[in-house]
Student: 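Supplied in structure tokens, the structure appears directly below.
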There are 2 protein chains.
Amino acid sequence: MYELLRAYLNKITSSTVSDEEFQFFEAAYSEKKVKKKQFLLHEGSICRYMAFIAKGAMRQYTIDDKGVEHIARFGIEEWWMSDRESFTSLTPSRYNIEAIEDCDLLVATNEKLILLREQSPLFVKMGVILDEKSYIASQKRLDVTISYTAEEKVIYMMENHPQFMQRFPQSMLASYLGLTPETLSRVRKQLLQK
Amino acid sequence: MYELLRAYLNKITSSTVSDEEFQFFEAAYSEKKVKKKQFLLHEGSICRYMAFIAKGAMRQYTIDDKGVEHIARFGIEEWWMSDRESFTSLTPSRYNIEAIEDCDLLVATNEKLILLREQSPLFVKMGVILDEKSYIASQKRLDVTISYTAEEKVIYMMENHPQFMQRFPQSMLASYLGLTPETLSRVRKQLLQK
DNA sequence: TCTTCTGCTTGATCTAAATCAAGCTGATTT
DNA sequence: AAATCAGCTTGATTTAGATCAAGCAGAAGA
């Protein structure tokens, strides 16, 4: 499991982590399994973990006043799941993080990461790269959400995240795109006929 | 002008920057004025500057295939303007950054910031805090965009960014919220009558 | 001062997507 | 094997907000 993290680290930082440096990662992260329909984080509690998905699929979502779920993000292999705000500032989270499939995770607490940040320059580098990536991704998603029609949204999803289309139920995909399940179903049908 | 940056730095990092350390900032940043309707960045060119707004107001936007403008963000005093992606990876930007009022900026190039990052731990700390803030803000904006009605969006804007409501034209505020100017106008009227 | 813009408002109409409502199919339970 | 259930599809209807179109007021320029 740690080998997956190691390969990921090398890939994302375009470097090769030494055995010595990677030992700090092994000390910081521990293995955790979360079964389907179980939660890594519940709304109202503090997010204790920054989790690397070695295997499985998860979603992060809020529930609004009207009881409607809004999916903030999906995660599959090689993605990170956490509520950064809650995790670093130790405030109660408004998110839920739920396993959609049985998951194998590598998790670290905030204290461990503070230490790791001092021990490993590569960890710091990875952090900067990930922050940037996620910022750019959320800008792009905003753009899609604001300016695309239902059909364009679905096409965007199929082209950019085909893995998601296969692994998450339609109702969740719809919520992620800001559509109703009915609309998503109709749009897909239309697209298949083309 | 540098004093504004200094005060901002102290505030955001909850620290007091020493004279010695702040000298590195003075070396990295230079003053730049951009007049109303002029551009700090044009679509297709590389974003050379990370700019701190000492005075004025700006907007960052894209133009889509249909010629419609989409506002990614607004900036006023104490905000940063840049296309992070273009700035760090030296790739052509898809954004325009335009002054809405005459602006006084403090700008730094990427090379200067790489140096500053080595010289000033406080600069690094600020970077981490800003990344986190902007990530959280864009998550929240996404949530608002996906799940709020036109009226709720306007209320959100009035409560959370009243400064924007006063300084930017309605047409731009509408674009920022993903509404048409007509709808924004109608919603405002309705809200005022309450 | 007059006139041309530019931005905002208001009204009428239209439409994309939501909502409401059934029915279908395959999985899970008993 | 029957029964319950969850997820998806399909159809009918409604609606929020877009689009189209006209008019108005203050700013900017001649």
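In what follows, every chain begins at residue 1, and chains take the letters A, B, ... in the order their sequences are listed. Given the structure is predicted, the values throughout are model-derived calculations rather than measurements.
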Student: Among residues 153-172 of chain A, which contact DNA chain C at a heavy-atom distance under 4.0 Å?
Tutor: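 Within residues 153-172 of chain A, no residue comes under 4.0 Å of DNA chain C.
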Student: Tell me: CG of A:L177 to C1' of C:dA18, nearest whole Å?
Tutor: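 Checked: the CG to C1' distance equals 15 Å.
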Student: Would you say B:R94 has more than 12 foreign heavy atoms packed within less than 6.0 Å of its CZ?
Tutor: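 Enclosed.
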Student: Before we go on, tell me: are the rings of A:F52 and A:Y29 under 6.0 Å apart, centre to centre?
Tutor: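 No: the rings miss the under 6.0 Å criterion.
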Student: Output the rounded distance in Å from NZ (B:K37) to P (C:dC5).
Tutor: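 Answer to the nearest Å: 13 Å.
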Student: Let me see the working for B:S86 and B:S93 under side-chain hydrogen bond (donor to acceptor under 3.5 Å, both in side chains), right down to the final yes or no.
Tutor: CA-CA 5 Å; B:S86 171; B:S93 177; 4.7 Å; no
Student: How close or far is atom P of C:dT10 from atom CD of B:Q190, stated in whole angstroms?
Tutor: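 One finds 12 Å between P of C:dT10 and CD of B:Q190, rounded.
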Student: Could you state the atom-to-atom distance from CG of A:L184 to P of C:dA18 in whole Å?
Tutor: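 Checked: the CG to P distance equals 10 Å.
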Student: Is it the case that atom CZ in B:R6 sees more than 12 heavy atoms from other parts of the structure closer than 6.0 Å?
Tutor: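 Above 12, so yes.
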Student: Does a donor on one side chain and an acceptor on the other come within less than 3.5 Å for A:Q139 and B:R73?
Tutor: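 Checked: A:Q139/B:R73 side chains show no N/O donor-acceptor pair below 3.5 Å.
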Student: Which whole-number value in Å describes the distance from A:E151 CD to C:dT15 P?
Tutor: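 Checked: the CD to P distance equals 17 Å.
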Student: Mind checking who shares a hydrophobic cluster with A:I46, ILVMFWY linked at side-chain heavy-atom distances under 4.5 Å?
Tutor: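 Noted: A:I46 shares its cluster with A:L90.
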Student: Within this structure, what is the CD-to-P distance between B:E69 and C:dG7, rounded to whole angstrom?
Tutor: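 It is 11 Å, rounded to the nearest whole Å.
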Student: Can I get a per-line list of side-chain donor-acceptor pairs under 3.5 Å for residues 112-122 of chain A, giving both atom names and the distance, sequence neighbours left out?
Tutor:
| from | atom 1 | to | atom 2 | distance (Å) |
| --- | --- | --- | --- | --- |
| A:S120 | OG | A:E21 | OE2 | 2.6 |
| A:S120 | OG | A:L122 | N | 3.4 |
| A:S120 | OG | A:F123 | N | 3.0 |

Student: Suppose we call two aromatic rings close when their centres sit under 6.0 Å apart. Are A:W80 and A:F87 close by that rule?
Tutor: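 Distance test on ring centres: not under 6.0 Å, no.
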Student: Is there a side-chain polar atom (N or O) of A:K189 under 4.0 Å from OP1 or OP2 of D:dT9?
Tutor: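 No, A:K189 has no side-chain N/O under 4.0 Å of OP1/OP2 on D:dT9.
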Student: Do A:F74 and A:Y176 have their ring centres less than 6.0 Å from each other?
Tutor: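 So the answer is yes for these two rings.
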Student: Given salt bridge (charged side-chain N to carboxylate O under 4.0 Å, His left out), test A:R59 with A:E98 step by step and report yes or no.
Tutor: CA-CA 6 Å; A:R59 64 165 178 157; A:E98 183 195 3; 2.8 Å; yes
Student: Nucleotide by nucleotide, 5' to 3', does protein get under 4.0 Å of the base (B), only the sugar-phosphate (S), or neither (-) in nucleotides 19-30 of chain C, counting heavy atoms?
Tutor: BB----------
Student: So what is the end-to-end bend of the helix from C:dT1-D:dA30 to C:dT30-D:dA1, with 5 pairs used at each end and the value given to 10 degrees?
Tutor: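 The angle, to the nearest 10 degrees, is 40°.
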Student: Once salt bridge (Lys or Arg N to Asp or Glu O under 4.0 Å) is applied, what residue pairs with a partner in residues 75-86 of chain A remain, sequence neighbours excluded?
Tutor: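 Checked against salt bridge (Lys or Arg N to Asp or Glu O under 4.0 Å) - neighbours excluded - the pairs reaching residues 75-86 of chain A are A:K11-A:E78, A:E77-A:R167, A:R84-A:D131, A:R84-B:E132.
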